[in-house]
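Report on the structure given below.
In this chain, residues are counted from 1 in sequence order. What's counted below: heavy atoms across the whole structure, side chains too, no hydrogens, waters or symmetry copies.
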Amino acid sequence: MKNLKQKMAVALLMLTFLFISAAGWNPAEAEAESITYAKAYTLGTKCTGMITENGDTKQYYKFTLPESGKITLTGSARMSSVKLHIYDENAIELWSDEPGWNSTSEVISISDYDYLTGGSYYFCVEKNIYAQKSTGEFEFLISFTAAGESFRESNGGSNNSLETASIVRTDGTLYHAQLSLNDEKDFFKFTLERSGKVNLSATFYGISRVEWKLYDGNGVELLSEEPGWNTTTENIVINDDVFLTSGTYYAVINTYEYAYHPRGRYDFSLSFASSNESFAETNGGSNNTIATASSLTLGNSYKGQIAINDEKDFYKFTLSSSQTVTIRVEAGMEHLYVKLYDSSGEELKSWVPRKNSVSQKINLTETAVLEQGMYYLAVVHYNYGGYGDYTLNVSSLSKANCPHERYESKWYAPTYFAKGYRKYTCVLCGHSYKGDYQPVRRLVQGYFYSYCYAGKGKLSLSWFRVSDASGYQIRYCRNKKFRNGVVTKMIKGQAKSKKTLSKLKRKKKYYVQIRAFKKSGGKTVYGKWSAKKCLKTR
């Protein structure tokens with residue numbers, strides 16, 4: 001009998017479903033029809049209502065946001081369960097929640113927030129027909145804080161595609177924007193008249209996960225980054241440099257629906273610095289092959305750029321006679337390929353210079369012995385080597401551009417007046433530089449012996465003799481801090497170790513100090529003053 005009842009219930013449900021389908025019933029349309037009877041609600045005001053046994057199961061309240069911003073919902077209900085919803089103007093559900101019941105106070109409380117674009121919305125309080133206590137009073141308040149968007153958006157956003165991207169400047173202008181419950185991505189369009197570096201500086205306030213992408217003018221993705229979240233500030237900060245050729249680009253900011261804090265407001269700016277390329281490039285580069293190589297003149301320096309959409313540059317030069325040439329490349333990158341080819345495109349040499357840890361730059365200087373003819377030189381992006389500007393020079397070998405591959409060295413010991421150093425001299429051109437410095441020598445700190453004594457109006461002093469000293473300087477004073485009445489005596493000669501100070505006042509305390517000095521060629525250096533010694537005359 002029990003199984004028969006279950007089968008009949010299932011059959012009844014299926015018939016109901018078929019009846020609804022045949023009638024063309026649409027839940028969204030039914031929601032829209034109910035919403036038309038929504039009560040007008042003014043933001044920032046407290047509203048009260050009641051769910052009754054024989055009343056509507058859903059009560060709707062319509063509110064309008066003048067612009068994009070943050071809404072904060074607070075409220076309570078004297079029921080064991082209630083369902084809350086927010087719909088857009090087309091009756092599409094954007095948010096829902098079923099807040100928990102406090103078994104002690106027997107009250108449901110909610111305090112939540114989210115972000116929406118400007119436009120009209122509906123807040124819905126729904127009766128939970130399955131709850132033990134599904135009727136009772138409720139109250140709520142929705143407050144609003146504007147995001148101050150630079151490009152105002154409404155009804156789900158207005159710059160959600162390449163075609164509708166907002167146009168931004170690259171002069172450091174600060175823009176304000178927001179990722180919303182109904183607007184999870186923003187497109188921004190900018191144009192570069194020249195190749196160079198674009199800096200994206202952005203702060204995402206309270207957003208735990210975000211992604212930013214870069215597309216070229218054809219919609220091809222060039223870059224995708226997911227910056228880290230600072231758990232202390234609960235912000236995401238971006239400060240990224242991107243090297244690009246001239247052209248049109250799109251920056252896209254996108255959030256993640258299932259992030260801890262997926263939405264909020266953010267600020268950003270784009271700043272541009274030209275690479276001042278000697279050969280202007282656009283839309284992904286113009287000298288990317290041997291066939292399109294740019295011509296160099298020996299002895300001249302040229303500026304170029306390795307960009308995320310232009311990862312190689314080819315150059316060509318001609319030698320009227322056989323000779324040794326010097327190839328110099330300076331770049332602000334981690335790694336780089338520099339390749340030399342003959343006129344047929346056969347690779348002759350290849351270098352992979354690395355950034356110097358001190359200068360933080362690549363400084364490549366290499367020589368090549370070449371016969372008369374045409375040659376090609378390529379500067380190529382190295383995997384994980386980064387992007388940036390570079391300077392290139394190809395010249396005939398001379399003292400000025402010598403790579404200084406072999407050096408001889410001579411050591412100069414430190415003195416009391418100058419640091420010690422090693423002098424390196426290039427055996428090819430005589431270029432020299434100093435390095436391996438050692439600090440200047442210091443005179444040992446002197447001190448008085450313990451058997452110094454005081455007499456009638458005099459002090460008899462004995463001290464430690466300092467090697468290499470030219471003499472000693474003694475100072476004495478009745479003031480412990482040597483501020484007033486200081487008398488200084490010079491004692492010439494390293495071997496001296498005694499001195500009597502006479503014509504002093506009787507039965508007075510005197511403080512004395514000593515230090516060594518060294519003289520040479522009109523210069524004098526001093527050692528450190530000794531500890532103060534106190535003696536009282538008789």
Side-chain angles (χ1 to χ4, degrees), residues 192 194-199 214 216 222-223 225 240-247 272-317 324-342 345-370 374-395 397 400-405:
L192 304 181
R194 295 169 292 168
S195 299
K197 178 178 70 175
V198 177
N199 173 263
L214 186 68
D216 66 13
L222 302 176
L223 181 67
E225 296 286 344
D240 288 347
D241 291 332
V242 183
F243 290 86
L244 299 165
T245 64
S246 62
F272 174 74
S274 173
S275 292
N276 297 315
E277 283 189 309
S278 300
F279 303 98
E281 298 187 83
T282 185
N283 299 324
S286 56
N287 58 0
N288 298 345
T289 64
I290 283 178
T292 58
S294 301
S295 297
L296 302 181
T297 300
L298 290 183
N300 289 348
S301 292
Y302 298 87
K303 290 184 178 294
Q305 175 186 265
I306 296 298
I308 64 172
N309 59 336
D310 180 30
E311 297 189 343
K312 61 180 68 174
D313 293 328
F314 278 83
Y315 302 92
K316 61 184 178 182
F317 61 92
T324 300
V325 297
T326 300
I327 299 168
R328 307 186 73 172
V329 177
E330 183 181 287
M333 290 164 268
E334 188 72 31
H335 276 95
L336 199 63
Y337 281 121
V338 179
K339 297 176 180 288
L340 180 66
Y341 302 87
D342 64 14
E346 181 180 349
E347 185 177 307
L348 301 177
K349 286 192 173 185
S350 179
W351 301 278
V352 190
R354 186 183 180 90
K355 180 175 69 175
N356 184 286
S357 60
V358 178
S359 67
Q360 295 296 301
K361 289 185 177 182
I362 290 172
N363 286 284
L364 171 73
T365 302
E366 295 289 345
T367 59
V369 180
L370 302 175
M374 179 178 288
Y375 296 89
Y376 298 92
L377 193 67
V379 181
V380 184
H381 170 69
Y382 182 94
N383 290 339
Y384 310 109
Y387 303 90
D389 303 333
Y390 65 86
T391 301
L392 170 68
N393 181 287
V394 181
S395 304
L397 180 66
N401 61 38
C402 175
H404 313 305
E405 294 173 342

>> Evaluate Ile327 against Phe317 for side chain to side chain contact (heavy atoms under 4.5 Å, CB included), listing each step before the verdict.
In response: CA-CA 12 Å; Ile327 299 168; Phe317 61 92; 5.6 Å; no

>> Show, in sequence, the C-alpha distance, side-chain angles and deciding distance for Asn393 and Glu330, and conclude whether the side chain to side chain contact (heavy atoms under 4.5 Å, CB included) test is met.
In response: CA-CA 9 Å; Asn393 181 287; Glu330 183 181 287; over 6 Å; no

>> In the structure I gave you, are the side-chain heavy atoms of Lys312 and Tyr337 within less than 4.5 Å of one another anywhere?
In response: no

>> Given 3.5 Å as the limit, does a donor-acceptor pair link the side chain of Lys339 with the main chain of Tyr376, or not?
In response: no

> Is there a side-chain contact between Tyr375 and Val394, using heavy atoms and a 4.5 Å cut-off?
Replying inline: no

>> Using 0.5 Å steps for rounding, measure from the CD1 atom of Ile306 to the CD atom of Glu311.
In response: 8.0 Å

> After noting the C-alpha distance and the side-chain angles of Asp313 and Phe279, does the key distance pass the side chain to side chain contact (heavy atoms under 4.5 Å, CB included) rule?
Replying inline: CA-CA 10 Å; Asp313 293 328; Phe279 303 98; over 6 Å; no

>> Quick one: does any side-chain atom of Ser359 pair with a main-chain N or O of Lys361 as donor and acceptor, under 3.5 Å?
In response: yes

>> If you compare all heavy atoms of Arg194 against all heavy atoms of Asn276, which two are closest, and at what distance to 0.1 Å?
In response: NH1-OD1, 4.2 Å

>> Run the side-chain hydrogen bond (donor to acceptor under 3.5 Å, both in side chains) test on Tyr382 and Glu334 for me, step by step, so that the C-alpha distance in whole Å, both residues' side-chain angles and the decisive distance to 0.1 Å come before the verdict.
In response: CA-CA 9 Å; Tyr382 182 94; Glu334 188 72 31; over 6 Å; no

> With side chains defined as the heavy atoms from C-beta onward, is the minimum distance between Leu244 and Leu214 less than 4.5 Å?
Replying inline: yes

> Between OG of Ser278 and CG of Asn300, what distance do you get to the nearest 0.5 Å?
Replying inline: 9.0 Å

> Which distance, rounded to the nearest 0.5 Å, do you find between the OG of Ser295 and the CE of Met374?
Replying inline: 7.0 Å

>> Quick one: does any side-chain atom of His381 pair with a main-chain N or O of Leu336 as donor and acceptor, under 3.5 Å?
In response: no

> Taking everything shown except Lys355 itself, do over 12 heavy atoms lie less than 6.0 Å from its NZ?
Replying inline: yes

>> Would you compute the distance between atom OG of Ser195 and atom CD of Gln305 and round it to the nearest 0.5 angstrom?
In response: 5.5 Å

>> Would the distance check show the side chain of Tyr302 and the main-chain N or O of Thr297 forming a donor-acceptor pair, the cut-off being under 3.5 Å?
In response: yes

>> Measuring from atom CZ of Phe243 to atom CG of Asp389, what distance do you get when rounded to the nearest 0.5 angstrom?
In response: 5.0 Å

> If you round to the nearest 0.5 Å, how far is CG of Asn309 from CG of Leu222?
Replying inline: 5.5 Å

>> I want to check something: taking the side chain as every heavy atom from C-beta on, are His335 and Tyr384 in contact at a cut-off of under 4.5 Å?
In response: no

>> Treating Ser274 as the side-chain partner and Gly196 as the backbone partner, does any N or O pair qualify as donor plus acceptor under 3.5 Å?
In response: no

> Do the side chains of Thr391 and Val329 get nearer than 4.5 Å, heavy atoms only?
Replying inline: no

>> Donor-acceptor pair, distance only, cut-off 3.5 Å: does the side chain of Thr245 make one with the backbone of Glu281?
In response: no

> Would a 4.5 Å heavy-atom cut-off, applied to side chains only, mark Thr292 and Phe314 as touching?
Replying inline: no

> Of the non-hydrogen atoms in Tyr390 and Ala331, which two are nearest, and what is the gap between them?
Replying inline: CB-CB, 3.7 Å

>> Can you confirm whether Thr365 sits close enough to Asn401 that some side-chain heavy atom of one is under 4.5 Å from a side-chain heavy atom of the other?
In response: no

> Are Asp240 and Leu223 side-chain neighbours, meaning at least one heavy-atom pair lies under 4.5 Å?
Replying inline: no

> Do Val242 and Tyr387 pass the side chain to side chain contact (heavy atoms under 4.5 Å, CB included) test, and can you show the C-alpha distance, the side-chain angles, and the key distance before you say yes or no?
Replying inline: CA-CA 8 Å; Val242 183; Tyr387 303 90; over 6 Å; no

> Closest approach of Gly247 and Asn283, non-hydrogen atoms and distance?
Replying inline: CA-OD1, 4.0 Å

